[in-house]
Amino acid sequence: MMASGVPALLLLLTGAGTPHRLLHEEAVAPVPGVVVESGRPTSASAPVPRFDPTETVESAVSEGDRFRVHFTRQGPNAVPLADADGSGVPDFVELVGRTYERVATFYAGLGFRPPPGDATTPGDNGGDGRFDVYLVDFARRGDGTFRMETCLEGNGTTRCTGYMLQENDFAGYGYPSDAHAVETLASHEFFHAVQAAYRPDLGGIASEGTAVWATERFEPALDDLEGFTHYYLESPDRGLLTDPSGPGVGFNYGAGLFFQFAGEHFGDALLVALLEESVRQPEARWPLLLDTCLRRDFASSFDAAFARFSAWNLGTGARATPGHGYARAEGYAPLATTATALPASIASLRVAAASSRNFEVAGGASFVSATFEPEPGTDPAGLSLLVAAVTDTTVLRVRQSDRSEVLWAQVPAHDATHVVVSVVDGRPQGLGRYGRLCIAASGQDAACAPVEPPPADAGTDAGTTPDAGPSDAGTGDMDAGLPDEEPQPPGPPVEDGGCQAAGGTLSGALIALLLGQGLRTRRLPSALRRN
């Protein structure tokens with residue numbers, strides 16, 4: 001019993017090494033593209049990790065009555081046996097039960113559906129309809145996974161049930177505490193169960209990315225998102241539309257940064273709306289689902305949001321700037337750029353949909369201008385050009401191009417050590433597009449696309465207001481709350497002339513915008529531990 005006299009968990013003996021019944025494959029409705037498991041870890045024929053047939057498997061029900069935690073006290077899957085409160089249930093098992101209850105309550109409070117119960121699951125359902133968590137040894141090959149088990153189809157939608165496998169003791173994993181480890185795993189993996197309550201096939205980027213967001217939203221101090229951001233910020237030229245495989249799968253977790261942006265900028269309701277819309281459009285891919293939600297409910301669009309997301313990414317790590325972008329950007333990785341000499345011309349630059357190409361040039365000039373001219377016949381929809389004046393520790397100002405056939409943007413750079421130029425393709429679908437990029441400082445000639453004189457409203461402050469949607473065009477400031485700059489004299493226009501290419505197409509070496517601040521990482525990266 002606990003000190004309060006209320007038992008945290010109800011201990012039940014569920015077997016002495018006797019395998020549970022196998023799931024009847026023929027009883028599960030086949031759902032194209034959805035993989036279901038063929039047996040729970042109490043079965044000797046289940047995929048690893050699983051309990052050993054010689055182990056006595058017990059279970060305990062969480063105080064909130066929504067979870068059943070399965071564990072053993074001996075063998076390779078044994079949990080830590082400490083029982084400080086004398087309840088008869090190991091403290092580690094009680095911690096697991098309490099944490100999953102907290103996580104489930106938190107997600108329900110945000111408006112997400114709870115996972116369906118498994119009382120009607122054919123074969124072994126863990127003993128009842130409660131959500132099952134099995135504590136088994138991952139041997140440092142992973143630390144937890146949600147396994148879908150039964151998928152039900154009806155009214156054109158698919159809802160799946162499943163169970164959790166979680167590391168039994170986290171020995172040697174490098175987490176600062178058992179509580180930190182269990183909170184990280186429970187918040188991430190249980191959100192996969194939440195996803196399955198809507199639609200199980202959103203793809204790796206949406207599935208893992210929103211789960212990383214969910215952990216950050218549940219408890220920012222867990223720093224799971226921070227440890228994953230480098231996977232995205234080192235490769236922002238990789239589009240969000242295609243799930244990577246093999247060694248590149250860490251990108252799925254790093255994509256949590258995009259969903260973190262979505263939650264911070266638009267609110268939790270957008271992430272809830274994304275999953276709800278996935279039920280209404282069961283065949284649509286997640287970027288189009290998000291575009292639907294943004295246009296219908298938030299007066300924005302996927303491409304407008306992606307352009308602002310790209311602007312936020314300019315201020316991470318040591319360049320995290322109060323009032324610009326993420327609330328906790330100082331803990332994120334730096335944005336990778338290509339170092340480029342001025343003036344610069346890249347004749348054929350490819351930009352994938354839902355990606356950005358980022359270049360860094362020297363600051364100090366009165367103005368730095370950039371143009372991007374898509375190849376003839378290319379629809380410029382969704383293309384944006386960002387030009388940002390920065391120092392080693394601050395984003396001073398960010399200017400965004402209009403959305404004409406030739407994109408142009410100019411930024412005062414007299415007080416900047418560097419200028420970052422980002423070519424952004426924010427479309428939620430489509431193939432990569434090519435165009436010519438030119439960057440030049442005031443007083444330099446550039447043989448690039450024609451540069452029109454600055455529009456009358458150049459330099460206006462767009463402030464921190466949410467995106468205005470597809471009609472939010474025009475050259476403007478994306479300072480997102482940065483202090484007003486001092487008025488500057490107009491710089492000379494960039495003229496046609498003899499610009500020399502900066503070493504040919506993408507010849508500059510990839511460098512980091514920040515060098516002095518390391519990532520807060522654990523000994524074994526999460527992307528290597530999770531299944």
Side-chain angles (χ1 to χ4, degrees), residues 106-115 155-159 191-192 194-203 205-218 225 239-241 255-313 325-327 353-355 381-384 400 403 424-430 462-474 476 478 480-481:
F106 182 80
Y107 291 157
L110 295 182
F112 291 104
R113 301 179 184 181
N155 299 321
T157 63
T158 301
R159 301 177 72 233
F191 198 75
H192 287 318
V194 171
Q195 295 163 353
Y198 293 87
R199 178 176 145 185
D201 60 345
L202 284 177
I205 286 177
S207 175
E208 297 299 346
T210 57
V212 170
W213 164 81
T215 292
E216 181 76 2
R217 186 66 180 85
F218 172 70
L225 172 67
L240 289 179
L241 306 187
L257 185 63
F258 175 77
F259 298 100
Q260 179 67 20
F261 157 78
E264 285 194 42
H265 189 54
F266 296 101
D268 302 326
L270 177 58
L271 281 305
V272 176
L274 170 63
L275 292 187
E276 293 288 352
E277 193 63 29
S278 74
V279 177
R280 300 186 189 97
Q281 300 187 57
E283 302 300 324
R285 301 184 66 198
W286 76 264
L288 292 174
L289 298 173
L290 196 65
D291 187 60
T292 297
C293 298
L294 287 167
R295 292 175 184 274
R296 183 189 62 215
D297 302 328
F298 296 90
S300 187
S301 64
F302 187 91
D303 66 283
F306 195 88
R308 186 167 290 270
F309 165 64
S310 299
W312 280 30
N313 292 339
Y326 305 101
S355 79
L383 288 172
S384 296
Q400 181 180 10
R403 300 181 185 181
V424 181
D425 187 336
R427 294 171 301 157
Q429 61 182 346
T464 59
T465 55
D467 303 303
S471 63
D472 183 16
M478 295 186 71

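On a predicted model such as this, the values are computed, not experimentally measured, just so you know.
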Is the backbone of [Y] close enough, under 3.5 Å, to the side chain of [X] for a donor and an acceptor to pair up by distance?
X      : Y      : value
Gln195 : Ser207 : yes
Glu264 : Ala327 : yes
Arg159 : Ala197 : yes
Tyr198 : Arg113 : yes

Start with the C-alpha distance between Leu271 and Phe112, add both sets of side-chain angles, then the distance that settles side chain to side chain contact (heavy atoms under 4.5 Å, CB included), and finish with yes or no.
CA-CA 9 Å; Leu271 281 305; Phe112 291 104; 4.1 Å; yes

Spacing of [X] atom [atom1] and [Y] atom [atom2] [to the nearest 0.5 Å]:
X      : Y      : atom1 : atom2 : value
Phe298 : His265 : CZ    : NE2   : 10.5 Å
Asp291 : Glu277 : CG    : CD    : 10.5 Å
Gln260 : Trp312 : CD    : CH2   : 8.5 Å
Ser278 : Trp286 : OG    : CH2   : 13.0 Å
Leu270 : Leu275 : CG    : CG    : 10.0 Å
Asp201 : Arg285 : CG    : CZ    : 11.5 Å

Do you know the tightest heavy-atom contact between [X] and [Y]?
X      : Y      : result
Phe302 : Gly426 : CD2-O, 2.9 Å
Asp303 : Arg427 : CB-N, 4.3 Å
Gly256 : Leu225 : C-CD1, 3.9 Å
Gln400 : Ala307 : NE2-CB, 3.7 Å
Gly111 : Val272 : O-CG1, 3.7 Å
Ala353 : Leu241 : CB-CD1, 3.4 Å

Check the pair Asn313, Leu257 against side chain to side chain contact (heavy atoms under 4.5 Å, CB included), reporting the backbone distance first and the verdict last.
CA-CA 9 Å; Asn313 292 339; Leu257 185 63; 3.6 Å; yes

Pairwise side-chain contact, [X] with [Y], heavy-atom cut-off 4.5 Å (strictly under):
X      : Y      : value
Leu289 : Leu202 : yes
Val424 : Phe309 : no
Val212 : Phe259 : no

With sequence neighbours left out, the residues meeting ring pair (Phe, Tyr, Trp, His ring centres under 6.0 Å) with Tyr107 are Phe191

Mind checking whether Phe261 and Phe258 have parallel, tilted or perpendicular rings, split at 30° and 60°?
tilted

